[in-house]
Structures are given as structure tokens and as C-alpha cells.
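Here is the structure we will look at, set down as C-alpha cells.
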Amino acid sequence: MIARRLLAPPPGWRRDTDVVVVGSGVAGVTTVLAIRRALPDARILLATKSVLDDGSTRWAQGGVAAALGPGDSPEHHLKDTLVAGAGLCDPRAVRALVTEGPGAVRRLIGIGAEFDREPSGPLALTREGGHLRRRIAHAGGDATGAEVSRALLAALAEAGSSAELDVIEHALAIDLLLSPDGRVAGLTLHVLGEGQTDGVGAVYARAVVLATGGFGQVYVATTNPPVSTGDGVALALRAGAEAADLEFVQFHPTVLWLGPDSRGRQPLISEAVRGEGAVLVDRSGRRFMTGQHGLADLAPRDVVAKAIMREMISSGADHVFLDGRGLGATMWEHRFPTILASCREHGIDPVTELIPVVPAAHYASGGVKTDLHGRTSVPGLYACGETACTGVHGANRLASNSLLEGLVFAERIAATLGRGLPAAVEPAARDDRSAGLLDPAVVNPLQHLMSARAGVLRSGDGLAEAAAGLAELGRHEFDKPDARAWQATNLHLVASAVVSVAQARQETRGSHWREDFGAESEAWRGHLIVTLGSSGLRSVFEPVLDD
Ligand SMILES: Cc1cc2nc3c(=O)[nH]c(=O)nc-3n(C[C@H](O)[C@H](O)[C@H](O)COP(=O)(O)OP(=O)(O)OC[C@H]3O[C@@H](n4cnc5c(N)ncnc54)[C@H](O)[C@@H]3O)c2cc1C
């Protein structure tokens, strides 16, 4: 039985604010900065469960996509995004992304983000898989996320000198507080700190913005950091919100293979390396992407990830290779210093050697369903960044559109709040009957199960095994409410939701690949919307209606 609320001790303290933003990646921090511009007098509380720069944002390598170069336009960017999204993007959301994107990048530059430039001055733009134009702005070669995060956190520190902005690290959002008629009244937070807000407390607020990032930790091989446990999706579902497109998990085709026992976050070899000329080869040196797709090694991510998996299955190898020797030492040192350092740290020199690579869970295209202004189906609840499903990515995200999505939709949420904050409401009386908190020991078997049965290649039988395995893991209850147990319970809820919609979608589309339904089906051109009710998870199919 999946709990509708997490078991937590009664709140020991109370804080009052106007807006709570949960998460300090590109989405959360941009939202805070934008709300401060839109509503200078509003009180904002930014809560983040680890330290400020711990999230996917600082690991982003390739860059930020925006039509900033000569010969490019938002219209071209729109077309490439729609092609990658395999019929499921919301064109209105994509239009907002591509037309507001260039301004969002310029705003980031305005607060001090230093992107790489050509010797003559303009931004140095590169290409990545699925982009037909050079439109990826990058920083520090391949350290874009670190620079974006640095610039945003510097701006936050500057803004933080005001009494209206409270930033709390090591503060884990547990559950939303709701009024009797289902409006957001705030949330419960667990704070590991010293002072008046230690332990579990209640924050009363007029609006909550979830910017909690992705859920890569549902899988054993992932590029995501340990904080990416899908908390935002889980707590939104428990509050009655809709989630959409959860079956579309993007696997990055090329992370560094660290041996058969590697676990957790694995170093990513950005596809910008292929953009600059590296190619995938098998152990005999044969280029296996040629002839599989018009763009060969630069085909969309899912095409490349699946081709690698098939190559591995047919050859019995546990990895393939990326040959980047043709790039030369100078290109490696100046354009890809981070990847070069990671490879060398693990004993591989890409200047002279082949790089062993495998696919790993990388990006959640789906999430908490929002409208074009970041509003979820629960009044007062907003979602932004990877935790949200704005309709921008459809069945498959186009590379480097995610940092951009965080930047653009954060501004949209702030603009919406700027037009008027929701009314303050009182939370319903506390209901202590919830149970269903899970033993943190379920996390490891859950991750293995998900990678083996609900990963890059899926089938009805495999997914049924995943569902049965998750049901069994769901019986390992735990009665000690703490951060590990709350996150284990969130991972289990998100994994169960992913498997339920992956089972339901009997076709292959975008990053959802069914071995038993190998083709795209017009009947399935639509979205699976998941909710959590008193009888468990439920999904409804909403077809795409063409204008
Ligand atoms: C290795 C790697 C490379 C990538 N490269 C690129 C790229 O080149 N270009 C691109 O566009 N995208 C890239 N991406 C994707 C992109 O980085 C992410 O989608 C984006 O940074 C997500 O930003 P976010 O703000 O939504 O989430 P994150 O940056 O993940 O931030 C989430 C925040 O929420 C906090 N949090 C989570 N749960 C809770 C909770 N319960 N309570 C309180 N706080 C919580 C976390 O601690 C964190 O602060 C990459 C991702 C990875 C992992």
C-alpha cells in the first residue's frame, strides 16, 4: 500500500513566509531571483536538502541551447525540439522556451555567468545531438553547470542580505500542508541544523515552488547526484497533484564505464565530444552508428543509447568504446578539460586511448504536470526545472534544453506570482494515520530492479517483474521517520509510477522503448497522467489534440 502522507514526528516549530522554493539548482535559484524582482516585498524561504550547489545543475557539461548565433532562429530551435520530442511536445511550451530562451541566457550573462567566447568576442556556440545548428553556449569548456551554479549562487548571496530572503541548507521537504479544500498551505521540513528550526517543523506559505530536480537515483547506473531521488514528484503525488510523461526517462548513451561493480553517479562523456568528431566503435574498431540513423553518431540520445545496448547484447560485451583520438591533445585540453581529467583519474587517456562507455539514467523528461506558467493541478503549488513536466520535452528531451527550461519557466512562475500571490489558507488538522514508510535497505535492490527491467530496453514481461518486485519491496515497512527512510519511500513511489505508465504505454516512442511493441503507434500519441488516490496509483491517457 502506498502512503498518502509520510510518517513524521509532529512539527516542533513553525515559520511563516509568502513563498517557499524547494531546491537550489538552476530552477530554484532562478525562481528566487526572479520573484525578488517581481515582488520585492515578498518573503521567500529557499530550502535545500544538502548544500546549495549539490544538485544536477553543477554537473551539467555540454551547455545551454538558445538561438543566439548567426543563421539560427527560435523557429529552427523549435523544429529541432519538436522532432526530438516524438509527437508529444506541447508546441506552446516549446515556443515559450525558444523565444524567451535567448533573453534568459543574456540575463544569466548579465548577472556574471562567463560563457566561452570566440577570439573575436561573440559567444562560442557548438552543436549537440539532434541540433541542426550550432546553438549550445558553454562555459569553462565542458564545465557549464558549475559556472551557471556559481553565477546564480553569487547573485543569491548578494540578494540574501535582505530580511525577506531566508536560505536554509540541509532542509528536506517532507510533505505539503493542504487546506481542507486541497489548497497549498505550506510544507513540513526536516532541518538538520543548530537553532530554532532543528528537526521537523511546519512552514506556512501562500505558494510552494518545487524545484527538486530529477529522479536518476531510481536506477543503479545514473549520471545524477545522490540528491536526485524524485522527492518533488513523490510529494506532489501525495498531495493529489498530477504527474505526466514519467515513462520517458532519458538514458545518456555515454558515461565512463568503471567496471562491473561501479555504482551511483558515473562521469558523463558529453555528446559535445561526438559533436567535435569522436565516434562510437565496437571492440574491433567498427563504427556501429553508421547506417543506423541519418545523423550517425550525432543521432538523438535514445537512438544512440539503444544502439549501444543492442551492440552490447549482441556482442556480449559490457561496454562499447568512444574513439576521440582524432580530436587531438589541444582540443581535449581546451574544450573538454573536465572530461579529460575524469578519464585520466580513472586511468584512461582519451588523447591516445579508446574510452569505454555505457548508457546510464540521465534525465526525467516527465514530472509534476504544469501549465505554461508553472502551475500544477493543486492550487498554490508550482513546479520548475527537471521535477516539472511543462510539455517542453515530450517523449525525449533535446540536449541542453533543460538548463534553459529551468531559466525560462522560473521567470514565468515569478511573473505569475507577481500578478498576485494566492490567498493564505490554514492547513487541515493533522492526520497521523499514515504509515507505509519504507526501510532504506530497499533502495539498492530497487535500483537494480529498475535498471534491469525498466531501463533502456523494456518489455511487458520485464515490466511485470519490476511491478511485482516493487510490490514486494513495498512491504518492507520501517517505523523510524528519518531522511533516509523518507527518501527511500519517495524513490519507491516514483519507481512504481514509472513502471505503471511504462507498462501501460504499449508502443515505442522517444526514450520509451518496448521490445514487444517496437513501433510508434498513432493511437498512443498522448500523455499518461498519473495520480495517487486512496486505492493507489492510477493513470489516465490524454490524447494530443492537434489545433
Ligand atoms: C552529469 C550531467 C550533465 C548534464 N548536462 C547538461 C547540459 O549540458 N545541458 C543541460 O541543459 N542539461 C544538462 N543536464 C541536465 C541538467 O543539469 C538538469 O536537468 C538541471 O540542472 C536540473 O536543474 P534543477 O534546478 O531542476 O535541479 P537540480 O539542479 O538537480 O537541483 C535540485 C535541488 O533540489 C534539492 N532537493 C531535492 N529534493 C529535495 C527535498 N526533498 N527537500 C529540499 N531540497 C531538495 C537538491 O538538493 C537540489 O538543490 C545534465 C545533468 C547531469 C546529471
Side-chain angles (χ1 to χ4, degrees), residues 59-62 128-129 141-143 216 219-225 249-293 295-329 331-333 335-363 399 447-448 450-452 455-457 511 513:
W59 297 106
Q61 294 182 343
E128 286 187 334
D142 57 0
Y219 293 92
V220 71
T222 180
T223 60
N224 291 189
V249 177
Q250 191 174 66
F251 285 78
H252 197 285
T254 52
V255 300
L256 185 61
W257 183 76
L258 297 175
D261 298 322
S262 67
R263 299 277 178 274
R265 205 187 72 77
Q266 292 163 320
L268 184 154
I269 314 293
S270 159
E271 57 203 318
V273 175
R274 278 177 280 129
E276 297 294 351
V279 292
L280 287 158
V281 294
D282 65 13
R283 61 184 152 200
S284 65
R286 179 182 59 92
R287 283 187 65 178
F288 56 85
M289 285 309 299
T290 314
Q292 299 228 15
H293 188 277
L295 292 170
D297 295 89
L298 283 175
R301 283 194 173 159
D302 62 302
V303 175
V304 178
K306 277 148 203 155
I308 294 176
M309 282 309 286
R310 288 225 186 76
E311 180 60 36
M312 285 164 51
I313 291 166
S314 76
S315 67
D318 43 19
H319 61 277
V320 296
F321 293 97
L322 188 64
D323 186 354
R325 292 174 298 181
L327 274 60
M331 168 75 85
W332 273 109
E333 278 156 19
R335 181 73 182 82
F336 303 115
T338 313
I339 301 174
L340 181 66
S342 278
C343 288
R344 286 184 171 158
E345 209 175 285
H346 292 97
I348 294 139
D349 186 351
V351 178
T352 56
E353 291 174 282
L354 299 178
I355 311 169
V357 290
V358 283
H362 184 52
Y363 185 80
Q447 291 170 325
H448 279 277
M450 289 299 289
S451 284
V456 180
L457 299 174
S511 54
W513 187 275

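All residue numbers refer to positions in the sequence shown, counting from 1.
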### Query
Going by heavy atoms in the side chains, are Ile348 and Leu256 under 4.5 Å from each other?
yes
### Task
Would you indicate whether the side-chain heavy atoms of Met289 and Val279 approach each other to under 4.5 Å?
no
### Message
Using the side chain to side chain donor-acceptor pair (under 3.5 Å) criterion, which residues pair with Arg310? Sequence neighbours excluded.
### Response
none
### Query
Donor-acceptor pair, Arg283 side chain versus Ser315 backbone, under 3.5 Å?
yes
### Query
What pairs with Ser451 under side chain to side chain donor-acceptor pair (under 3.5 Å), at least two apart in sequence or on another chain?
none
### Message
For a 4.5 angstrom cut-off between non-hydrogen side-chain atoms, does Leu258 reach His346?
### Response
yes
#### Entry: Within-4.5 Å side-chain heavy-atom neighbours: Val357 and Val320
yes
### Query
Just how far is it from atom OG1 of Thr254 to atom CZ of Phe321, taken to the nearest 0.5 Å?
14.0 Å
### Message
To the nearest 0.5 Å, what is the distance between CD on Gln61 and OG1 on Thr338?
### Response
6.5 Å
### Query
Any donor-acceptor pair under 3.5 Å linking the side chain of Arg335 with the backbone of Gly141?
yes
### Query
Closest approach of Leu298 and Glu271, non-hydrogen atoms and distance?
CD2-O, 4.3 Å
### Task
Test Arg286 against Glu311 for side-chain contact (heavy atoms from CB on, under 4.5 Å), laying out the working first.
CA-CA 11 Å; Arg286 179 182 59 92; Glu311 180 60 36; 3.1 Å; yes
### Query
Can you name the nearest heavy-atom pair linking Tyr219 to Ala361, along with the distance?
CD1-CB, 3.6 Å
#### Entry: Heavy-atom pair of closest approach, residues Val456 and Trp513
O-CB, 3.5 Å
### Task
Show the numbers, then the answer: is there a side-chain contact (heavy atoms from CB on, under 4.5 Å) between Asp297 and Val304?
CA-CA 7 Å; Asp297 295 89; Val304 178; over 6 Å; no
### Task
Answer yes or no: is there a side-chain heavy-atom contact under 4.5 Å between Pro337 and Asp142?
yes
### Message
For Trp257 and His319, take the angle between the two ring planes, folded into 0 to 90°, and tell me which bin it lands in: parallel under 30, tilted 30 to 60, perpendicular over 60.
### Response
parallel
### Query
Can Arg287 and Asp323 be counted as an ion pair, charged N to O under 4.0 angstrom?
no
### Task
Show your reasoning for whether side-chain contact (heavy atoms from CB on, under 4.5 Å) applies to Ser270 and Glu128.
CA-CA 9 Å; Ser270 159; Glu128 286 187 334; 4.0 Å; yes
### Message
Show the nearest heavy-atom pair for residues Ile269 and Val273, with the distance to one decimal.
### Response
CG2-CG2, 4.1 Å
### Query
Taking side chain as C-beta onward, heavy atoms only, is Glu276 less than 4.5 Å from Phe336?
yes
### Task
Identify the two heavy atoms, one from Pro359 and one from Ile308, that lie closest to each other, and give their separation to 0.1 Å.
CD-CG2, 3.9 Å
### Query
Can you find a heavy atom in the side chain of Leu295 that is under 4.5 Å from one in the side chain of Arg274?
no
### Message
Among residues at least two apart in sequence or on other chains, which ones pass side chain to side chain donor-acceptor pair (under 3.5 Å) with Gln250?
### Response
Arg301, Asn396, Arg397
### Summary
Output for pair (Met450 CE, Thr222 OG1), nearest 0.5 Å, gives 12.0 Å
### Task
Considering non-hydrogen atoms only, spot the tightest contact between Asn224 and Gly216 and give its length.
OD1-N, 3.0 Å
### Query
Got Asp349 and Leu340 here, is their nearest side-chain heavy-atom distance under 4.5 Å?
yes
